[in-house]
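Letters A, B, ... mirror the listed sequences (proteins, then strands); counts begin at 1.
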Amino acid sequence: MDLRRTVFWCFFFSLIALSLSASWKNICSCSEVGFCRRHFKRDPIEPQPAVDGDSVEIGKWDSHSVTGLMSTAGGTKLSLRFFVYVYAVGRSHVFRWIVDDVAEFTNSKRHSVNKVLNPELQPVTLSEADLKVDKDRIVISSPGDPKCETSPCLEIALNPFKAQLTTTDRRGKRTVAVTLNDNRMFHFEQHKFMAELKTQIEGFDSKYCKPGSGSDDASKESEDEEPVDDDDDEDENEDEEEDSSPPNESSAERTCEEPGDLVKPECDGCWEEAVKGGFKDPKKRGPESIGMDVGFPSTGHLYGMPERALDFDLKDTGDKRDPIRFYNLDVFEFEMDHTLGLYGSVPYVIGHGDDLSVGALWLNSAETYATISSGKPGTRQTMWWSESGRMDLLLFPGPSPSQIFEQYVQVTGRAAMPNIFSLGYHQCRWNYRDQADVEYVDSQFDAYDIPYDAIWLDIEHTDGKKYFTWDTSKFPDPTKMQNDVAARGRKMVTIVDPHVKVAKKYLMNEIATKNDLYVKDGSGKGDFNGWCWPGNSGYLDFTSSRVRNYWMDMYNSKNYPHFTENLHIWNDMNEPSVFNGPEVTLPKNAIHEGGFEHRDVHNIYGYHVMQATFEALVQTRNRKIRPFVLSRSFFAGSQKYGTVWTGDNAATWEQLRSAVPMVLSLSVSGMSFSGADIGGFFGNPSEELLLRWYQLAAFQPFFRAHAHIDTDRREPWEASESTREMIRGVIIERYKYLPHWYSLSAMASRGSSLPFREEAKGPPMRPIWWHFPGFLGEEEQFLVGDSLLVAPNMHEGKKKVTVRLPKDNVWYDLYGAVSRPVIGGELSISSPLNRMAVFQRGGSMIVKRERVRRSSKAMILDPYTIDIAPDGNNTAVGELYADDSVSYEYENGAFALVHLVYDGNNIHCEVKAGGTKPFEGSEAVVERIRIFTAGNVRGVKTEDGKYLQTKLVNNVLTVKKPGVKLLSNWTITLE
Amino acid sequence: MEHKGLFIILLSLSIVLGPVGSITGAPEDFEQRLRSAKVICGEAGSFVQARTVLTEDIVNDNFCDCEDGSDEPGTSACSNGRFFCRFDGVNGRYLKASGVNDGVCDCCDGSDEYDHPIQCKDHCEADRANRIKELEEKIELTKNGLKALEELEKQKDEHRANLHRSMQRINFTIDGSYVKYLKNNVAMNRMRGLRWAVPDHKYRKLETDEKRKLPASLISNTADDSKENEHRAFPVDQMCVELYQRTKITNYPFLWFEAVAVRLFSVLALGPIWEMVHPTGISSTLDNDLIDECFNKFKIASSKLLELKESFSSQRNDLRKLQKTLFEEPEEETTDGLVGMSAECYQFNDKVYLYEVCPFTSIKQFESGSFVGYLGKWDRWENGIQLYSDGMTCLQGSIAQSSIKLSCGLSNSIVSVQETVKCVWEFSMTTPAACTTSMLAELEDLLKVTSGSS
């Protein structure tokens, strides 16, 4: 009956979607944001902040912190309190620097992002020996190293305030790794800023204050609040926005407490400002931004700071460019080489130099900016500022890349253990139109014998973009559809977005309305409504654990019909995207739980959406099946909940090339399971581009093909026969290395608790400098683990690839003449379409499964192949982690980690951890061992003296069916 | 261990299923060929050279010795290997090696999962029964379709005759209107001549009252579209026709002489004298206004005739195209019987749209009763599929196009419609025209094989 109307609205909103998705045009630059202007290119503010040495105390405020009072820049009152916490991580210590208002100088609590950190992480209890207070400085040392000889130490100069983290570099030399406020850019706009400002206005008279307002000693009672919040701080129901303190009768002088109490002094964009697109942003708390410079005096290169399409090796932002922006937005057809932020934010930077790697996390979820500049050679400076929230900075001392990665993920949380299917090939499209289409695509993979693991359904599968529902005219029996796909070992993924259609008789909306789950508008009373795919929508307040609990309750077949155990979830549009909102997101004055404004929590909204979905899937399957959740938006720590991708890219060569720096930036920032969509979302790739994209993506962690609804179909069989066969070959190569990918992913996830090789630690995809000196500006080539170097051809029509191989190593060209190792250096190799350039490092052993199968699940019992690439000394090492790869049984010991050593005479395998409890696949044997250069081998025998069949072809020795069970202790001897 | 298990399974297979070769995953003659040294490695692996004769010891040893998989018919060891499913209800078929012992039951007897924990059910007989039923239904349908086709063939002859008649009629009309067009041009030219011959001062003398005496219909009406073509072809009124006939040179032998004389006198400013000399000359009987009027009428008639001719020509082209499509170009078997289709349009309703397919003409889309746009206009045949192109412009700017796949059925009707990619539609239609005797024969053969393979 309402067909026409529905169709009209669909049309209408797709028009809106087209016109309102944030293209660069309607995204604000720094000059259009008040607090950005107030910090960008400013001079130091005098007087400089100073720490009051007398107030410094240890173990008194709380048992863990060193704390004290300090003044802010431009003021003399001790209106700020700083905290230093130290966390023991691995063999080193992470230092945390927090600055917050002293309660009497504020009228509202600043937002803390504590909850994204690993909940198990507790600061160490510092003793008196760990703190030295002199008259002009204090030194906080790592426990057990009071003289600061080996471990990191934080030295704080009192007046003016400056701080530096000293640590021991890789050569054993003491070095200043990070400096704070060295450039005197500390700035802390306090909630009482306006009250101080009044004194600066000539002829200020307290008549500008409303009579009877405010009180000098407001909210003193909250002083003993612990600044390191509990995890469930969102459950506290204090509404600090309202003036709860009664007027102080004794106060003769009128003072101004609330922004509304004062005739507001001139201040650039402090009280209200216009936002592009005709929006207004009223700031009821007035100016409250914070900022500070963070210097890297020993590391000349900076990396990280996702997500944006910039070089991996971060360049100076300079005066002409906008500063780097962290503000999660749904950017339509994003462009290359832009400092403005995309869908997610990790305000984390890695400094890397010849002798030291160090990391800094600016833990703030409000809109944040950073600049990068250079000083002396080998040094870099950054400056950071955020619109609101407290100052919270975590410093990771390194000194090696592997160590900062370990330190970072132990603090922000370890990556979720992937379900093995998620490392396979994903076939996605907006949209597989109906059940028959899904069946067809699924059957084509079998017809062409191409392995794949998941088929995806985008928004069109729902009934009118109402998530948790199905369009039953197109998908009459979704349960059967999922079961059919799963019958061949595969999974399905459906999209569930955080906006909820405001429609009667729609369960999610009814639950949300009834239980008050939506983000509130600026008044704090009504639900905020905005436009998204379904039309008028509410936005669930995922920052609230109460809301997340309701969300978790949706993932069962009662509330989500046809939710089978083979279904996994994709959270898109979770920046969140609001088609008719300022910069296509929620207005900053929208209200979240705890009375926080959206401006305080914007960058962690997407994080919490993903968290809620992940926890829902774990819970609903009784912690039996590891969930897979893909999210477009993210924040530091999102790796705990799964996978992210680089969003809506386009079918261009430029965008193909940007996939390397973008995914590398994500990887080193903890988001170790990420990828860029194959083929490019917008537009139609040529066959060459598509093929080259598969070749790249097969060696990136997340391996998904996706396409916009307006593009031509591009499943592998849509290409010409030759391209199809080449794509098939690439996908098969990915599957051969699946045990390796799985082991690397487990290392990123369980690296701190299991004896993986220390030097090999890091994200699965990593820059070459992770393990080798130099390569600091490398933007096209990268490593997978510590043993594969990938040199993709990402240039149209290019016939050759220049491979830059680290020196002092030999390398084996896996898709070329593998029997002829190459010495490190620059090498030009021909690059016909069917040729990938991937090199295995001499000295490494890689465990593979070479049988072609339909899916990862079908491989689980298959025998292994071991590729041994000897180094100059004819030795090699490797390792493999394995478990059932779908459940949490590994927590009960059902896993095995083996180390493999080849010394020229023996191949030796040793179980380093686990290996006692059986699991599916634990009995798998080795069917083949390949030694890339083995000259004089006369015979190969097992421990019981049985000689094995071998064949030497072009110097490559293949051992046939050694028959050993891989995940056990064994030795094979070469004679 | 492996071999033992294999052996037991093979043994049990042979007991249950009767005579089979003893080599897993290989067709029955494989063992024989292997013994007579006829199985040859096609593509070198690490242990066996290409073109080497295979020996029993490396066959199905669960290690890929030949890259083409010829040594591993029964395992998943070779990525290019093939597993022979013996009991598939039809001929037996090959399964890709990736499907062997992968936890998915592919062969109907489950023989591909001999070394996997999964328990497969043997559903070969049930499969075959289903297959036979399916085939029988298909045969029945094809037979009936062929009958319906025969009917259509009759209609086709009639249709062909109709077309021929239409063609003749059109040719006749075109020719007729062209002749008339030529005649009109002659008349038009004569009017032009007359206009020159009758001097202007004569016109001035003509009483305006007399001008008014001309019947209004002659002045205003040049053509009446509602009249038949014959009339439209020569829509000039009687008066002009008369004028045309009256001014034939035989009637006015001195007209041109007189005209020259008048002009001469007029140049010498002796007009009035001429009039005194010759007050009732021929030219005085002609009225300039009338000549102008008639000139215009002939001119209009002429251009209309030309238009008419052209429109009929395009109709003739369409007709020729249709004739060609239907009768002269039997490039597709399906073409022939589609005569019945071309005369009608077919509709299909999905939940949102109504589709109207007029074969060989166009495809339209309606929504809630109102016309949305063309999904394509008849373009061509391609590999037995009808293509319609150049439809409406879709939202993203691409031009709508459609294709119709035809399958054998009892009547002409649309079975399904899908927008496969944005702005590209795929229609499935059944038609008796797509039923062929060769198809029937094929199905019957298949049925024989299927039912006989027990």
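- Rounded to the nearest 0.5 angstrom, B/His116 NE2 and A/Ile860 CD1 are separated by 10.0 Å.
- Proximity to chain B (any heavy atom under 4.5 Å) is restricted, for A/Thr950, to the backbone atoms N, CA, C and O.
- The choice from A/Asp446, A/Asp449, A/Asp712 that makes the most heavy-atom pairs within less than 4.5 Å of chain B is A/Asp449.
- Contact count against chain A (heavy-atom pairs under 4.5 Å) is highest for B/Thr420 among B/Thr420, B/Val424, B/Val100.
- Closest of all the heavy-atom pairs between A/Thr958 and B/Phe47 is O-CZ, 3.4 Å.
- Note: B/Ser79 leads B/Cys78, B/Ser79, B/Cys64 in heavy-atom pairs under 4.5 Å with chain A.
- The minimum heavy-atom distance between A/Glu927 and B/Phe63, with the atom names listed, is O-CE1, 3.1 Å.
- Atoms NZ and CG, on A/Lys960 and B/Asn62 in that order, are 10.0 Å from each other to the nearest 0.5 Å.
- Within a 6.0 Å sphere centred on CD of B/Glu137, other residues, nucleotides and ligands contribute more than 12 heavy atoms.
- Contact detail for A/Ile709 and B/Lys422: the closest heavy-atom pair is O-CG, 3.4 Å.
- Heavy atoms closer than 4.5 Å to chain B are found in the side chain of A/Leu861, but not in its backbone.
- Contact annotation for A/Arg433: only side-chain heavy atoms (C-beta onward) come within less than 4.5 Å of a heavy atom of chain B.
- Looking at A/Glu850, there are no atoms closer than 4.5 Å to chain B (heavy atoms on both sides), in backbone or side chain.
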Next on the checklist: Pair B/Asp106, A/Arg854 - check salt bridge (charged side-chain N to carboxylate O under 4.0 Å, His left out), show working.
Outcome noted: CA-CA 12 Å; B/Asp106 290 289; A/Arg854 289 182 165 100; 2.5 Å; yes
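- Between chain A and the residues B/Cys105, B/Ala77, B/Pro117, the most heavy-atom pairs under 4.5 angstrom are made by B/Ala77.
- Side-chain contact annotation: B/Ser98 with A/Arg853, donor-acceptor N/O pair under 3.5 Å absent.
- When the shell of 6.0 Å around CD of B/Glu43 is examined, it contains more than 12 heavy atoms from other residues, nucleotides or ligands.
- Atom NZ of B/Lys405 is surrounded by 12 or fewer heavy atoms from other residues, nucleotides or ligands within 6.0 Å.
- For A/Asn954, the CG atom is loosely surrounded, since the number of other residues' heavy atoms within 6.0 Å does not exceed 12.
- Of the atoms belonging to B/Ser398, not a single heavy atom falls under 4.5 Å from chain A.
- Looking at A/Ala707, neither its backbone nor its side chain comes within 4.5 Å of chain B, counting heavy atoms on both sides.
- Other residues, nucleotides and ligands contribute only 12 or fewer heavy atoms inside 6.0 Å of the NZ atom of B/Lys138.
- With chain A as partner, the option from B/Gly99, B/Cys423, B/Cys394 having the largest number of non-hydrogen pairs under 4.5 angstrom is B/Gly99.
- We find the CG-NZ distance between B/Asp102 and A/Lys857 to be 10.0 Å, quoted to the nearest 0.5 Å.
- Defined by atom type and a distance below 3.5 Å, a donor-acceptor pair is present between the side-chain atoms of A/Asp434 and B/Gln418.
- Contact of B/Asp65 with chain A is made through the side chain alone, with heavy-atom distances under 4.5 Å.
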